[in-house]
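Note that this is a predicted model, so its numbers are computed, not measured. Order of listing sets the numbers, starting from 1, for every ligand and every atom in it.
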Amino acid sequence: MTEFPVEPYRIKSIERIRKVSRSDRERLIKEARFNIFKIRAEDIYIDFLTDSGTSAMSDSQWAGLLTGDESYAGCRNYFHFEETARSITGFKYIIPVHQGRAAEHMMFSTLIKPGDKIPSNNHFDTTRANIEYCGAEAADLVIAEGKSPSVDHPFKGNIDTDILEDFIKVNGPENIPFGMLTITNNSGGGQPVSLENIKKTSEILRGHGIPFILDACRYAENCYFIKQREKGQSNRSVKDIAREVFSYADGCTMSAKKDGLANIGGFIGTNDNGLHEKVTNAMILVEGFRTYGGLAGRDLEAVARGLEEALDEDYLAHRVNQIKSFGDLLIDAGIPIVTPTGGHAVFVDATALLPEFPREHYPGWALSVALYREGGIRGCEIGGIVFGKKGKDGREVYPPLELVRLAVPRRVYTESHFRYAASTFKKIAENKSVVRGLKIAYEPKYLRHFTVEFDEL
Ligand code: F0G
């Protein structure tokens, strides 16, 4: 590998993007009440809002769309989809759904009773929300290193297995319908989980008769990290590592919008006949019949092909190195980031960049506003607005970290886009007065980041 990542693909079709003028950006962000979710995507120059559903499909995937069989039941693309997902995960049943959160909803509403507790390294927002919606509690048990932006550790996504053991003792296995691991750990900075930690977690949970479910959205990136960083794994194929990872689990929820390299899609994998039967019946009301699960036949085909492509090790090497190289460009520009860089995004540490900026003026969110105004770039705050909560006295309680996530769509941006982003950050770091404090003018009761509005101070 050269010292910079070289794409193992070339560009056959392009999508025009444009940078709207500085005065238009000023106006647009103001009209959006300083909420970057409310800006039209066409008015964004480089969009790092998410890596989910934003991948560029390959020529093979596009060609696959034309082979879509749109029969209601038993379309041929379902069988390709099932065969591919089963060959990767080994699960007996593969149930298609339209995206990851639908998998969560279908599985959790079948397995959880009110008052239950679900441990994980870190639950993603929709995972947590779906658990809480069932009246249960979602517990984050990531290792201490995973909570610190700058501590070096190869697998900062690991769960603390001692705390997991205690958690089971205190709550009782009868109140834990399943335990989870998110691979890679999105809410914890896209950090990977080691094979050893996955195996140990499985032993602990299964030892207490508790099923083990993987949130597998970014499993391929996670398995690539295992190959790169874990002792004794470097000579194995990523696919072989993935088979071992899934063999320790009893089921998975999967958003194919990430490591399925598709724009929509997902699945539930399970070995449990009872769960399979209940979900198959329940999903007819909301997702659709068992063999399409809210997806068109052509989408099932795009996912089947995307799942295979995401295991290509040239692709994965480029993907992981692209994120690392983006992180290095930011470090060179004097921007503090969460290190080591994880799988799908670079997380900028807004507190370290703006140490004087009061928490109650939302430094991470303010930085994301400045990023748009200065460069037409969209990133997403993962801090006081996304995770802040009102305490009992009505005052805001802030999460420990104030980050801005720059999630990188797969196979979409090139080295020059990252250089441009790093130079925009450099300008902001050299003139921090462009980051202006914010005061909330409107907020809804739940998931406020999507609709919150601000006044600028
Ligand atoms: N689990 C994880 C770890 C995720 O990152 C996501 C989505 C989901 C589940 C839900 O999947 O979007 O297909 O319904 N993450 C996106 C993100 C939205 O931007 O990180 P979905």
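- Considering only non-hydrogen protein atoms, atom 13 (O) of ligand 1 sits nearest to S255 OG, 2.7 Å.
- The protein heavy-atom contact nearest to atom 10 (C) of ligand 1 is T126 OG1, 3.5 Å.
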message: Does Q191 form a side chain to side chain contact (heavy atoms under 4.5 Å, CB included) with E145? I'd like the steps, not just the answer.
response: CA-CA 11 Å; Q191 298 291 323; E145 290 88 337; over 6 Å; no
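- In terms of protein heavy-atom proximity, atom 8 (C) of ligand 1 is nearest to F124 CD2, 3.5 Å.
- Taking 4.5 Å as the limit, every side-chain heavy atom of E230 sits out of range of all side-chain heavy atoms of P154.
- Under 3.5 Å, the side chains of R290 and H276 contain a donor-acceptor pair of N or O atoms.
- Counting non-hydrogen atoms of neighbouring residues, nucleotides and ligands closer than 6.0 angstrom, the CD1 atom of I14 reaches no more than 12 such neighbours.
- In terms of protein heavy-atom proximity, atom 1 (N) of ligand 1 is nearest to D215 OD2, 2.8 Å.
- Between E443 and K390 there is a salt bridge, since at least one side-chain N of the basic residue sits less than 4.0 Å from a carboxylate O of the acidic one.
- Considering backbone and side-chain N/O atoms, C217 never comes within less than 3.5 Å of an N/O atom of ligand 1.
- Of all atoms in ligand 1, listed by their number and element, those nearer than 4.0 Å to a heavy atom of T182 are 3 (C).
- In this structure, the protein non-hydrogen atom closest to atom 12 (O) of ligand 1 is R101 NH2, 2.8 Å.
- Between Y362 and Y398 there is a side-chain heavy-atom pair separated by less than 4.5 Å.
- Geometrically, ligand 1 and D51 share no nitrogen or oxygen pair separated by less than 3.5 Å.
- The nearest protein atom to atom 9 (C) of ligand 1, hydrogens excluded, is given as E104 OE2, 3.2 Å; this is a heavy-atom distance.
- Residue contacts with ligand 1: R405 is placed with a nitrogen or oxygen under 3.5 Å of a nitrogen or oxygen of the ligand (distance criterion only).
- Contact check on D116 versus K113 returns a salt bridge, with a Lys/Arg side-chain nitrogen under 4.0 Å from an Asp/Glu carboxylate oxygen.
- Taking the six-membered ring for Trp and the full ring otherwise, the centers of Y413 and F326 sit at least 6.0 Å from each other.
- Between Q99, K257, K258, it is K258 that holds the heavy atom closest to atom 11 (O) of ligand 1.
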